[in-house]
Amino acid sequence: MKEKINKLLFKEVSIAPLAFFRVLFGAVMFWSILRFILNGWIYQQYIQPDFFFCYFGFEWVKPLPAFAMYLVFAIMAISAFMVMLGWFYKVSISVFFVLFSYVELIDKTNYLNHYYFISLVAFLLIWVPAHRYFSVDAIRKPSILKQQVPRWVIAIFQFQLGIVYVYAGIAKLNPDWLFEAMPLKIWLPVHSDFPVLGKLFQYEITAYIFSWFGAIYDLTIPFFLLSKFTRKYAYLAVVGFHVITWLLFPIGMFPFIMIGATLIFFPAKFHQNIIHKVQSLFSLNKESFSVQSTQSQKVLSKKLVTTFLVGYCLLQLVFPWRFMFYPGHLFWTEEGYRFSWRVMLMEKAGYVVFHVEDKETGRKGDVYAKDYLTPNQEKMMATQPDMILQFAHHLRDEYKQQGIAEPAIYAEAYVTLNGKGSRLFIDPTIDLSNIKESFEHKWWVLPYQKTLAAQ
Amino acid sequence: MKKYFLLLNIGIIVFGLVACESEDNSDQDSFDRQVMLDNLGTNIILPSYETFAKKAEVLNAAAVTFSTEISSENLSTMQSAWKDAAIAWKSAEMVNFGPIDEKVLETSIDNWPTNTNNIESAVDTEETIDEAYVINLGSSTKGLPAIEYLIFDGDQDDNAILESLQNDAQRVSFLVALTNNLVSIATEISSDWQSGDGNYVSTFISLDGKDIGSSTNTLANALIILTEEIKNEKIGVPLGKKSLGEVLPNNLEAWRSRYSLELIGENINAIDDIFNGGNSIGFDDYLDQVEAKHDDELLSLTINNQIDAIRTAHAAVNLSMYETLNSNPEDLETLYNELQKLVVLVKTDMMSQLGLLVTFSDNDGD
């Protein structure tokens with residue numbers, strides 16, 4: 001057993017795939033951050049809002065003043081670039097991880113599965129020697145150069161990618177997706193002007209085919225990528241799949257991240273070839289990265305590494321299942337929805353009005369979220385109970401400050417899920433000002449009713 | 001084994017594509033957004049701007065007549081010309097994009113509440129008051145609400161208005177200059193929207209995608225924004241929704257003239273026209289084409305029923321809103337609630353089923 005684990009995790013393999021992964025990751029991150037800055041999103045997401053939906057337990061994460069937010073993103077871009085170059089790698093990847101995660105923790109509104117993925121990958125990259133080959137660090141200090149690394153430093157990224165795909169696939173195994181082709185039945189027909197395929201999008205059967213193919217693709221693609229017999233075709237499928245989703249849906253950089261990241265499944269020879277080509281392009285000596293390290297290596301204890309890996313993998317395997325502890329329809333309540341690789345899974349939209357009551361005088365009024373939130377915040381809040389509760393508490397505090405000792409806050413929210421008619425979402429008779437934020441079941445979310453008749 | 005599985009995947013796609021090709025494609029033709037935009041732009045939006053420009057000219061003529069002969073008869077002619085112009089504007093108000101947005105003209109037409117202090121100090125001048133003088137003023141002192149302030153008394157005392165104008169030539173010049181300015185703006189937008197090369201109707205029709213910046217997305221958002229504005233600002237605020245129940249009649253749109261209800265009525269007509277495309281193709285047909293349902297009912301029907309419910313609630317308000325706020329606020333409460341139901345239907349169901357985005361800024365999703 002021990003030997004087996006030893007072989008699985010610590011067998012010496014070429015470092016090339018890891019170094020190549022580092023370069024791609026740094027490059028795509030640099031591009032992503034630059035795109036984020038140029039789109040004006042720093043202002044829209046971190047400066048313009050007056051209120052931020054912090055994560056439960058991370059209330060201490062606050063945005064910085066405007067100039068500092070710009071600085072954070074500038075440093076993030078620079079550190080991503082340095083990760084790509086492998087220049088002061090350990091510092092730059094650590095800085096990138098901390099800043100990126102910090103920014104993502106400021107406001108739930110901006111949660112995206114691929115941001116979570118980036119945080120995880122950046123975290124993992126801190127602990128692996130991705131800079132000890134094909135890097136500025138290795139040129140400046142040839143003594144750190146390495147040709148071989150234990151297998152786990154590559155396998156862990158393959159595992160992480162496998163998790164993303166397989167769990168995204170498992171998430172698709174629900175009746176709406178499989179038997180009603182929802183939400184693709186809604187999303188595809190509006191793309192009837194899409195080149196070549198567009199004509200097919202108006203047929204219901206196309207939505208079914210896409211749904212089923214998407215599920216099968218997600219569930220199986222990591223295994224096809226692992227096998228040397230199918231890898232080439234699988235990668236073609238990866239490129240095709242992600243390019244199509246990129247063209248159809250506003251999912252930003254995610255397709256490119258996946259197209260780049262999945263190359264880690266390729267054999268070392270593949271990466272080695274590319275690296276050699278790049279070297280000759282920059283007329284670097286082919287030998288420049290071929291010396292083996294002379295530095296006595298601080299090898300992390302195998303036991304420590306194994307413990308860490310088992311812990312990390314278990315957490316990744318188990319965490320997405322936490323939704324099972326909650327009653328009710330997951331897509332409706334979204335209890336345990338985030339951080340679980342549920343990507344492009346539902347079409348949900350909502351509208352919420354808050355009713356305020358001064359309990360001492362009985363005077364009543366309404367609050368329009370648009371007076372307090374950015375359109376995007378309002379949109380995200382309207383369908384997510386935990387955000388509705390947070391905002392209700394914010395209103396409670398505001399009214400208290402205005403001298404109303406006992407404000408009651410009620411939410412009248414309507415949500416449409418996967419094309420079913422909009423219906424009441426939150427129990428409008430419940431005073432949310434007294435409801436504590438927690439991971440406990442949100443009983444004040446009305447049960448999902450598939451047909452409206454009962455309502 | 002794995003290889004076969006992959007082949008199976010590919011097989012499924014190929015089969016699917018073939019199956020689709022062979023399926024009968026009789027009335028499954030995709031919805032042509034260009035046709036809808038052509039109808040909405042050419043037959044609804046452009047005429048509403050043209051009508052507004054005409055009514056502004058009538059108002060201007062009435063003001064000029066009034067300035068040559070100040071009489072109660074000429075005042076009432078001018079007042080009804082104002083009402084017609086304001087109503088004409090309410091049918092174009094929704095269109096908050098295109099030339100009016102690029103040239104930042106909307107607030108110069110209709111910025112309420114108007115700033116009476118600024119108007120008084122603008123009038124109180126030795127300078128010659130003409131259109132050029134008005135152009136340089138801030139938007140809170142011009143447009144329909146400023147004109148309303150000059151020709152309608154808050155207590156509906158026309159004599160007080162006549163008096164204020166009779167003894168103040170500068171005030172009359174200001175009034176005429178405001179109507180001149182209104183004509184200029186209305187004519188400018190109306191001519192910007194005319195069909196023909198480089199004009200906006202063709203641009204409007206050509207932006208036929210469904211992404212941010214496309215006409216379909218922008219117009220759908222404009223429809224939502226107006227519906228919410230009627231509910232929140234034009235009814236909710238005066239009804240005391242933002243002031244814990246304290247009614248605020250002076251926060252009504254056009255409270256001095258007591259035409260708040262008529263203006264809202266015209267807004268509702270505009271929502272109806274844009275949604276249904278008049279007698280031709282509009283969002284209702286688009287929804288039907290994608291077979292959008294609100295549970296068992298066609299969503300277009302649900303929305304139209306709701307528009308009818310709003311009309312009924314609107315018709316049930318007997319007095320001016322100014323009076324109703326005090327006498328029968330529950331009538332306005334009903335109208336408010338019916339409008340909220342429409343907001344839910346267009347903002348969630350319609351946008352969701354058409355795959356449109358309730359936002360103007362680009363954003364990543366996942």
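The basis for the numbers below is simple: all heavy atoms, side chains too, and nothing from hydrogens, waters or symmetry mates. Letters A, B, ... are given to chains in the order of the sequence lines, protein chains preceding strands, and every chain is numbered from 1.
- Residues A:Tyr351 and B:Thr348 come closest through the heavy atom pair N-CG2, 3.6 Å.
- Of the inter-residue distances, the one linking A:Gln202 atom CD with B:Gln289 atom CD reads 7.0 Å to the nearest 0.5 angstrom.
- Remark: A:Lys108 NZ is packed, more than 12 non-hydrogen atoms of other residues, nucleotides or ligands lying under 6.0 Å away.
- Of the listed residues A:His355, A:Met253, A:Glu347, the one with more heavy-atom pairs under 4.5 angstrom with chain B than any other is A:Glu347.
- The greatest number of non-hydrogen atom pairs below 4.5 Å with chain A, out of B:Thr216, B:Val343, B:Leu345, B:Asp211, is found for B:Val343.
- Between B:Gln340 atom CD and A:Tyr414 atom OH the span is 5.5 Å, to the nearest 0.5 Å.
- Note that NZ of A:Lys379 and CE of B:Met351 are 9.0 Å apart. Values are rounded to the nearest 0.5 Å.
- If you measure heavy-atom distances from A:Glu357 to chain B, you find no contacts under 4.5 Å at all.
- Counting heavy-atom neighbours within 6.0 Å of B:Asp296 CG, excluding the residue itself, gives a total of 12 or less.
- A distance-only check finds a donor-acceptor pair linking the side chain of A:Arg363 to the backbone of B:Leu244 [under 3.5 Å].
- For B:Lys242, the parts lying under 4.5 angstrom from a heavy atom of chain A are both the backbone and the side chain.
- Among the candidates A:Arg423, A:Gln449, A:Lys420, the single residue satisfying the side-chain hydrogen bond (donor to acceptor under 3.5 Å, both in side chains) test with B:Asp295 is A:Arg423.
- Contact of A:Lys370 with chain B is made through the side chain alone, with heavy-atom distances under 4.5 Å.
- Using a 4.5 Å heavy-atom threshold, the side chains of B:Lys231 and A:Val353 count as touching.
- A donor-acceptor pair is defined here as one N or O able to donate and one able to accept, closer than 3.5 Å; such a pair exists between the side chain of B:Asp349 and the backbone of A:Ser422.
- Within the 4.5 angstrom heavy-atom criterion, only side-chain atoms of B:Glu228, from C-beta onward, approach chain A.
- Using a distance-only test at 3.5 Å, with no hydrogens or angles considered, no donor-acceptor pair links the side chain of B:Gln353 to the main chain of A:Ile186.
- Other residues, nucleotides and ligands contribute at most 12 non-hydrogen atoms within 6.0 Å of the NZ atom of A:Lys232.
- Comparing A:Asp371, A:Asp366, A:Val415, A:Thr416 by heavy-atom pairs within less than 4.5 Å of chain B, the highest count is held by A:Asp366.
- Put simply, of B:Leu354, B:Leu239, B:Asn232, the one with the most heavy-atom pairs under 4.5 Å next to chain A is B:Asn232.
- Residue contact with chain A, scored on non-hydrogen atoms closer than 4.5 Å, is absent for B:Thr302.
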